[in-house]
Trainee: 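My questions all concern the structure below.
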Amino acid sequence: MEEIQKHLFELQDMAYRDFHSRLMPGIDKETIIGIRVPVLRKYAKSIAGTELSEKFIKELPHRYYEENNLHMMLITGIKDYDRCISEIERFLPYIDNWATCDFPAPKCFEKHKEELLPFIKRWIDSGETYMVRFGIGMLMSLYLDTDFDPEYVRIVAEVKSDEYYVNMMIAWYMATALAKQWDVVIPYIEEHRMPDWVHRKTIQKAVESYRITDEQKRYLKGYR
């Protein structure tokens, strides 16, 4: 939408654009406006729930990276679960980068974890890079504490992919799971149940984590 595009360009920071574009390999620099996340989030809050935002999230695909980020910010703020999951489903096929994919989980998901699980499993099974990454991210964000089930670790560990951004998310999930559910997850390291790259990256990320004890880090290093 021209009105929103015009406003986004008014928020442009060219130095940030040059910096951030280097973090987005594979994304055309010409599709990056250059808006710092807090600035974009403030704008998202200012239009959330308005007729303008409702029109905006109906228009896909978007041209600019920040339009995709704005879209994700707006739909993750939707309070009604059924509508939120519907909009997530509609938007996921258009995500083409890790940053848009990795925004925090919609707040309404917290109260609908049981209904959400079939969607998560389907996303992970989809074979689509950013659907898979999003699904694993939701398991990491929402199901590693009171709603944890060892089955979720198995689901993630068994994902096989040649995609860097999928494998990096698997390692991130497994390292976080080690910090929160050590006894369940450590056999995956001891028995080398994951591909070599994911195995090593999981150990690396766990060793770098402040949530892993020094004793655990020493133990993990023995499995590099």
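Keep in mind the model is a prediction, meaning the values are calculated, not measured.
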Trainee: Let me confirm one number: the CG-CD distance from L92 to E87, rounded to the nearest 0.5 Å.
Mentor: 11.0 Å
Trainee: Closer than 3.5 angstrom, by distance alone: can the side chain of Q204 be matched with the main-chain N or O of R200 as a donor-acceptor pair?
Mentor: no
Trainee: Among pairs that include at least one residue of residues 214-224, which meet side-chain hydrogen bond (donor to acceptor under 3.5 Å, both in side chains), considering only residues two or more places apart or in two chains?
Mentor: E190-Y219, T213-Q216, Y219-Y223
Trainee: With a cut-off of 3.5 Å and sequence neighbours excluded, list every side-chain donor-acceptor pair involving residues 95-109.
Mentor:
from	atom 1	to	atom 2	distance (Å)
N97	OD1	A99	N	3.0
N97	OD1	T100	N	2.8
N97	OD1	T100	OG1	3.2
N97	ND2	T100	OG1	3.0
W98	NE1	L23	O	3.2
T100	OG1	N69	OD1	2.6
D102	OD1	R133	NE	3.0
D102	OD2	R133	NE	3.3
D102	OD2	R133	NH2	2.6

Trainee: Parallel, tilted or perpendicular: which describes the rings of Y43 and H7, with under 30° parallel and over 60° perpendicular?
Mentor: parallel
Trainee: What closest approach, in Å, do I47 and T50 show between heavy atoms, and which atom pair accounts for it?
Mentor: O-OG1, 2.6 Å
Trainee: With rounding to the nearest 0.5 Å, note down the distance linking CG in L11 to OH in Y16.
Mentor: 13.0 Å
Trainee: In plain terms, say whether E3 and K6 are close enough for a salt bridge, that is, a side-chain N and a carboxylate O under 4.0 Å apart.
Mentor: no
Trainee: Of all the heavy-atom pairs spanning R17 and I33, show the shortest one and how long it is.
Mentor: CD-O, 3.3 Å
Trainee: Without hydrogens or angle criteria, can the side chains of H199 and Y188 be said to hold a donor-acceptor pair below 3.5 Å?
Mentor: no
Trainee: Using a 6.0 Å cut-off, check whether atom NZ of K29 has over 12 heavy atoms from anything other than its own residue.
Mentor: yes
Trainee: Can you name the side chain to side chain donor-acceptor pair (under 3.5 Å) partners of S161, sequence neighbours left out?
Mentor: none
Trainee: Under the rule for side chain to side chain donor-acceptor pair (under 3.5 Å), what residues qualify as partners of D80, not counting sequence neighbours?
Mentor: none
Trainee: Can I get a per-line list of side-chain donor-acceptor pairs under 3.5 Å for residues 148-156, giving both atom names and the distance, sequence neighbours left out?
Mentor:
from	atom 1	to	atom 2	distance (Å)
D149	OD1	E151	N	2.9
E151	OE1	R154	NE	3.0
E151	OE2	R154	NE	3.2
E151	OE2	R154	NH2	2.3
R154	NH1	E158	OE1	2.6
R154	NH1	E158	OE2	3.4

Trainee: With a 6.0 Å cut-off on ring centres, are F134 and F91 close enough?
Mentor: no
Trainee: Side-chain donor-acceptor contacts of residues 175-187 below 3.5 Å, not counting sequence neighbours, with atom names and distances?
Mentor:
from	atom 1	to	atom 2	distance (Å)
T176	OG1	W172	O	2.8
K180	NZ	D145	OD2	3.1
Q181	NE2	L144	O	3.0

Trainee: Roughly how far, to the nearest 0.5 Å, is the CD1 atom of I212 from the CG atom of L220?
Mentor: 6.5 Å
Trainee: Please determine if K79 and E110 form a salt bridge, counting it only when a charged side-chain N lies under 4.0 Å from a carboxylate O.
Mentor: no
Trainee: What's the separation between atom CG in L139 and atom CE in M169, rounded to the nearest 0.5 Å?
Mentor: 10.5 Å
